[in-house]
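Here the structure comes first, spelled out in structure tokens, and everything after it is commentary.
One is the number of the first residue; the rest follow in order along the sequence. Counting convention: from 1, in listed order, for ligands and their atoms alike.
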Amino acid sequence: MRLTISFVIALLASIAICGQQPLNLIPYPVKVEQLPGTYVMKNKMTFSSAFPAQEQSRVNAYLKDQLKKNYNIDMVEAVKGKPADIILFARRMPTSGKIAYELKVDKQGIRIDANFDVAAFYAVQTLLQLLPVEGGVKREIPYVTIFDQPRFDYRGMHLDVGRHFFPVAFIKRYIDYLAYHKFNTFHWHLTEDQGWRIEIKKYPKLTSIGGWRNGTIIGRYPGKGNDNISYGGFYTQEEIKDVVKYASDRFIEVIPEIEMPGHGSAAIAAYPWLSCFPKKPTAIPANMISTKSVEEQKNGRIKLVQETWGVFDDVFCAGNDSTFLFLENVIDEVITLFPSNYFHLGADECPKTHWKQCPRCQQRMKELKLKDEHELQSWFVQRIEKYLNTKGKTLIGWDEILEGGLAPNAVVMSWRGEAGGIEAAKQKHKVIMTPGNPVYFDHTQSLNEDSVTIGGYNPLEKVYAYEPVPKELNEEQSKYVLGAQANVWTEYMMNTRKVEYMIFPRMSALSEVVWSPKENRNWESFEKRLPAQIKRYEKWKANYSKAFFDLKATTLPTGNFDGVLWKLETKQPSTEIKYIEHFAGRPYELKFTEGKKYTTPVPLSSTRLMAAISMVNGNSVSNPVYQNFLFNKATGKKITLVNQPSTKYPGDGPFTLVNGVQNEKGLARSKEFIGFEGTDCEAVIDLGKDEEISVIRAYVFEQKASWIYPPSSVLYYTSDDGINFKQITDGNYTAIVPNEPVRKMDITFSKRKAKYVKVLIKNFGVIPDGMAGAGNKPWLFVDEIEVN
Ligand code: ACM
Ligand code: ZN
């Protein structure tokens, strides 16, 4: 082998690039070799392709359009016999038939080798990302050789258009975002309790009635009344075809979801006979219903499209054959619009209350010898699956389809964590991973979130770190994991700006999770590429969350138990952090320009509001962070836990209970709690010296829908030596305040001296029947322990 000088230089250069700024590509390709030099695009770029004309037409058309639109470059057919500037070759790849491409840029121009047209399309996406984000006159591309292929076959994004409806123009934009990130599947959630969004010609009322609701609750559930504004919309079949074609031109498969047997209130409002109880009024609580709906129900229109969020008892009757005839007719129309081999039938969150009371459902169970309503649901799903299979379609369902037995060929979408996905893969069923934590993009991505979200905290880092193949699966079982998807439920996304704010930049992180090899994934590298990506969002005029740039505030122990430290960090290196210690008055009047310059963690030893912001030349470049510190005799003191919290909710360790920070935002700030799964919290606090005390108070959090329960009891003790504890039995307990997410559980007693305090907070035990998670261990979430 003869090493040429240029080869050696190239090799050295490519080595030197390691550890430096990587190329601004997302998702990052399998192998990137950057060489010295750049290729300058011309005003007119000639193009030739060795792909069969039919196959390359979508690739060619897309590239031509993008170059013209963003860079004013004309792409024209090369004259026969003359070398082209952009060459597309069809070539076998060493990837056992899996799609792959190679992209080479050198002084001759751009050469793409791909084994399929779809691979060539991804090469084109990479090529476009190599061009400067700004567009305009500077149209240079670095010399590179890139080899690339996707890790997973299924790379999906979902969108719920039921809770809020988005116009076709936005759906196309959304598809563009997917294409740019090399996603290949758009999961279109088309029907919901709050609106049916797809025209079905045989059942026109599905959209004329089911497409509209009389109002919507205001704010976060349970809301502050109803806005009384008629809301709705739907896609015509022509529009659907147009979207599917648009997606197909970008190599994206659209999977429709038609929900059954639950989440069907809108369909039932249109055709009440779909319900087990057609004459039973739709249940909307009095404090949530619109005035028009109250009026209509009074006048006899008793089935309504839902106006609030959640899970509803009124579901499709499983005992009525007309239900199935209806669903088959709907399916017949839907499948003519979607060429995808998959059909998503939902099947999540279907309460069994009505089925238990419905004579027809009970009769069906008797005839089929089904032992419970879960088996009835399983039978329902299998009956639909058989029908879909006769039409050449494969069923996908949420992980509830495991309950009562899985339909033979069904694909499982694992959303309630990974357990459903693991179970299905072990049963040799294909699985798509979409666990709420961390790929539900309706959860907040900022600890300083001002807008209303559904709760939970899925920051960018957590999404980036997600591994779709659970470690519980062996190599053989892992093959059943087709890939992953983020879900975008839109209860709290009223408009397209909010959708963008929730998906970006998390979608960019997810694209790398599903595309790039596991061993190549590197957070530091992603962080370096993110600023260029943000410039792209801006170029697209897309909204995005700046949570990544939030000031990060943490509370730390001082080391000698005499208070706490407030630590601030920023990801914007050239900014100055200003902070204010505030004791009274309204925080929005704070003048940060007059604040103190932050250099090192601030020691605190008494109650106050802390506020901070990032500034450049006196102008703020971040949202402010606020933190109330409430001091008492236990704050900052030494604390030990007898048994440790769950690793799922460790907070900042035992210190979380005495850090002076009380939760004000529920689960969006889950780090402010420590969580015990079925076990008790027993905490001992060393007050440091003999203190005169008369109140001990524990703050616990309650959210029964999330399996978080208040304690069954709380016991309080004092001690002089930390060994012998005496229970306080002569105190007064405060009554438990219902409907408050954070409960104060306290005891007031006659003044006494103590150096140690112990609190034993007992777990609720078992989730009662009729509640979400019945029979499981409830969570105990503890926030703060106060001593005064
Ligand atoms: C779901 O989030 N109910 C699938
Ligand atoms: Zn029924």
Less than 3.5 Å apart, which donor and acceptor atoms pair up between the side chains of residues 394-405 and the rest of the protein, not counting sequence neighbours?
from: Trp398; atom 1: NE1; to: Glu257; atom 2: OE2; distance (Å): 2.9
from: Asp399; atom 1: OD1; to: Arg416; atom 2: NE; distance (Å): 2.6
from: Asp399; atom 1: OD1; to: Arg416; atom 2: NH2; distance (Å): 2.9
from: Asp399; atom 1: OD2; to: Trp415; atom 2: N; distance (Å): 2.9
from: Asp399; atom 1: OD2; to: Arg416; atom 2: N; distance (Å): 3.0
from: Glu400; atom 1: OE1; to: Trp415; atom 2: NE1; distance (Å): 2.9
from: Glu400; atom 1: OE2; to: Glu349; atom 2: N; distance (Å): 3.0
from: Glu403; atom 1: OE2; to: Arg416; atom 2: NH1; distance (Å): 3.3
from: Glu403; atom 1: OE2; to: Arg416; atom 2: NH2; distance (Å): 3.0

message = Would you say the rings of His181 and Trp515 are close, in the sense that their centroids are separated by under 6.0 Å?
response = no
task = Mind listing the protein N/O/S atoms less than 2.8 Å away from the Zn ion (ligand 2)? Waters don't count.
result = Cys276 SG, Cys317 SG, Cys358 SG, Cys361 SG
key: Numbered atoms of ligand 1 (with element) below 4.0 Å of Tyr440, judged on heavy atoms   = 1 (C), 2 (O), 4 (C)
task = Tell me, please, which residues at least two apart from Asn776 pass side chain to side chain donor-acceptor pair (under 3.5 Å).
result = none
task = Identify, for atom 3 (N) of ligand 1, the protein heavy atom at the shortest distance, and state residue, atom and that distance.
result = Asp348 OD2, 2.6 Å
inquiry  = Under 4.0 Å from a heavy atom of Trp489: which atoms of ligand 1 are those, numbered in the order shown and with their elements?
reply    = 1 (C), 2 (O), 4 (C)
inquiry  = With a 6.0 Å cut-off (strictly less than), is the heavy-atom count around NZ of Lys172, excluding the residue itself, greater than 12?
reply    = yes
request  = Determine yes or no for a side-chain-to-main-chain donor-acceptor pair under 3.5 angstrom, with Gln362 supplying the side chain and Trp355 the backbone.
outcome  = yes
query = When the aromatic ring centroids of Phe504 and Tyr177 are compared, is their separation below 6.0 Å?
reply = yes
ask   = salt bridge (Lys or Arg N to Asp or Glu O under 4.0 Å): which pairs involve residues 425-447, sequence neighbours left out?
value = none
Ligand-residue contact atoms, ligand 1 with Glu349, heavy atoms, under 4.0 Å = 3 (N)
query = Between Tyr480 and His429, does the ring centroid distance fall short of 6.0 Å?
reply = no
